[in-house]
Amino acid sequence: MVCLLLGAAVSWGVAQYRERARLAVRNRDLGQAYTVVMAQRDDLAHFMSAPDTKTFRLTGRGPAAGAEVTIAWNARRLTGFVLGERVPLLGDDEVYRVWVRGADRKLTPTDRTFRPVAGLTCVEFHVIAAAPAAAGFVIAAEPVTTPGARGPAAMPASPVGPPVLESE
């Protein structure tokens, strides 16, 4: 009987040790993720407060009807952020791409495709070619390009898929 109790106590102790080790790893990972999120928040706040940063409001069409996204754009840096809540999810074979629309309505691609996440989507992007002054933005749903492809040569010169979100 004593052996059974001793065995149960040892088994319980080992299970508790493993659970505490698992929780310690999880807490460490959460702490690192929190640090990253806080750094990104600070970077975004600094970007948004720059005097030459402008915002553009994009509204959804088609499957994204009712969705709204804001793009914060800094023309001097040729950098922007996509900020949106509840951006419609895409299939596994599609991604969103941000396009800069000039006053002549010509679209210039950016370096970034993205997939939204549940909740808040925050994605940084850069223009990959000389772009005219931004008169607006378009986000198109496009097929996934070759995995691992990098650089401007891997990106289409015009949207391949339909515009899903567009500024006025």
Side-chain angles (χ1 to χ4, degrees), residues 29-168:
D29 291 347
L30 284 173
Q32 289 172 346
Y34 179 76
T35 301
V36 168
V37 166
M38 294 306 286
Q40 288 174 337
R41 184 200 67 174
D42 291 346
D43 289 347
L44 182 59
H46 179 71
F47 183 86
M48 294 291 292
S49 64
D52 48 355
T53 296
K54 296 180 181 177
T55 58
F56 294 82
R57 191 74 158 164
L58 285 70
T59 54
R61 7 159 85 184
E68 291 187 354
V69 169
T70 298
I71 289 190
W73 172 248
N74 188 302
R76 183 177 54 79
R77 297 179 189 172
L78 295 177
T79 300
F81 282 89
V82 176
L83 306 164
E85 283 189 88
R86 296 181 300 279
V87 177
L89 301 177
L90 296 169
D92 291 342
D93 58 343
E94 290 182 301
V95 291
Y96 287 120
R97 181 182 308 280
V98 181
W99 296 81
V100 180
R101 188 178 66 222
D104 61 358
R105 310 224 20 107
K106 182 178 183 256
L107 297 175
T108 303
T110 64
D111 68 342
R112 189 69 187 264
T113 61
F114 68 96
R115 292 177 188 270
V117 295
L120 179 66
T121 297
C122 179
V123 177
E124 183 176 0
F125 64 89
H126 306 273
V127 172
I128 58 174
F137 289 86
V138 171
I139 296 178
E142 301 185 351
V144 175
T145 57
T146 306
R150 297 278 185 235
M155 299 189 194
S158 61
V160 177
V164 178
L165 294 147
E166 191 168 357
S167 60
E168 298 298 319

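Fair warning: this is a prediction, and the values are worked out from it, not measured in the lab. Counting from 1, the numbers follow the sequence of the chain as shown.
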Any idea which heavy atoms bring Leu89 and Pro116 closest together, and the distance?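 Taking Leu89 first and Pro116 second, the nearest heavy atoms are CD2-O, 3.6 Å.
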Considering non-hydrogen atoms only, spot the tightest contact between Ser167 and Gly136 and give its length.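 Smallest heavy-atom distance, with atoms named: OG-CA, 3.1 Å.
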Does the ring centre of Phe56 sit less than 6.0 Å away from the ring centre of Trp73?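 No, ring centres 6.0 Å or more apart.
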Derivation and outcome, side chain to side chain contact (heavy atoms under 4.5 Å, CB included), residues Ile71 and Val98: CA-CA 10 Å; Ile71 289 190; Val98 181; 4.0 Å; yes
Can you tell which of Leu165, Thr110, Val87 makes a side-chain contact (heavy atoms from CB on, under 4.5 Å) with Ile139?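 Going through Leu165, Thr110, Val87 one by one, the side-chain contact (heavy atoms from CB on, under 4.5 Å) with Ile139 is satisfied by Leu165 alone.
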Any donor-acceptor pair under 3.5 Å linking the side chain of [X] with the backbone of [Y]?
X: Arg57; Y: Glu168; answer: no
X: Arg115; Y: Gly91; answer: yes
X: Thr53; Y: Pro51; answer: no

Between [X] and [Y], is any pair of side-chain heavy atoms under 4.5 Å apart?
X: Phe81; Y: Val123; value: no
X: Val95; Y: Phe114; value: no
X: Thr70; Y: Leu58; value: no
X: Val164; Y: Arg61; value: no
X: Val69; Y: Val82; value: yes

Please determine whether the number of non-hydrogen atoms from other residues, nucleotides or ligands lying under 6.0 Å from atom CG of Asp52 exceeds 12.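 Count over threshold, so yes.
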Arg105/Glu166 ion pair, N-O < 4.0 Å: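 Glu166 and Arg105: salt-bridged.
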Flag for Arg97-Thr113: side-chain donor and acceptor within less than 3.5 Å: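 Their side chains do not contain a donor-acceptor pair, so the 3.5 Å distance test is not met.
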Side chain to side chain contact (heavy atoms under 4.5 Å, CB included), that's the test. Do Val138 and Leu107 meet it? Break it down for me. CA-CA 8 Å; Val138 171; Leu107 297 175; 4.0 Å; yes
Look up atom NZ in Lys54 and atom CG in Asn74, then write down how far apart they are to the nearest 0.5 Å.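 Separation between the atoms: 10.0 Å.
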Atom CD in Glu142, atom CG in Asp93: separation rounded to 0.5 Å?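 These two atoms lie 12.5 Å from each other.
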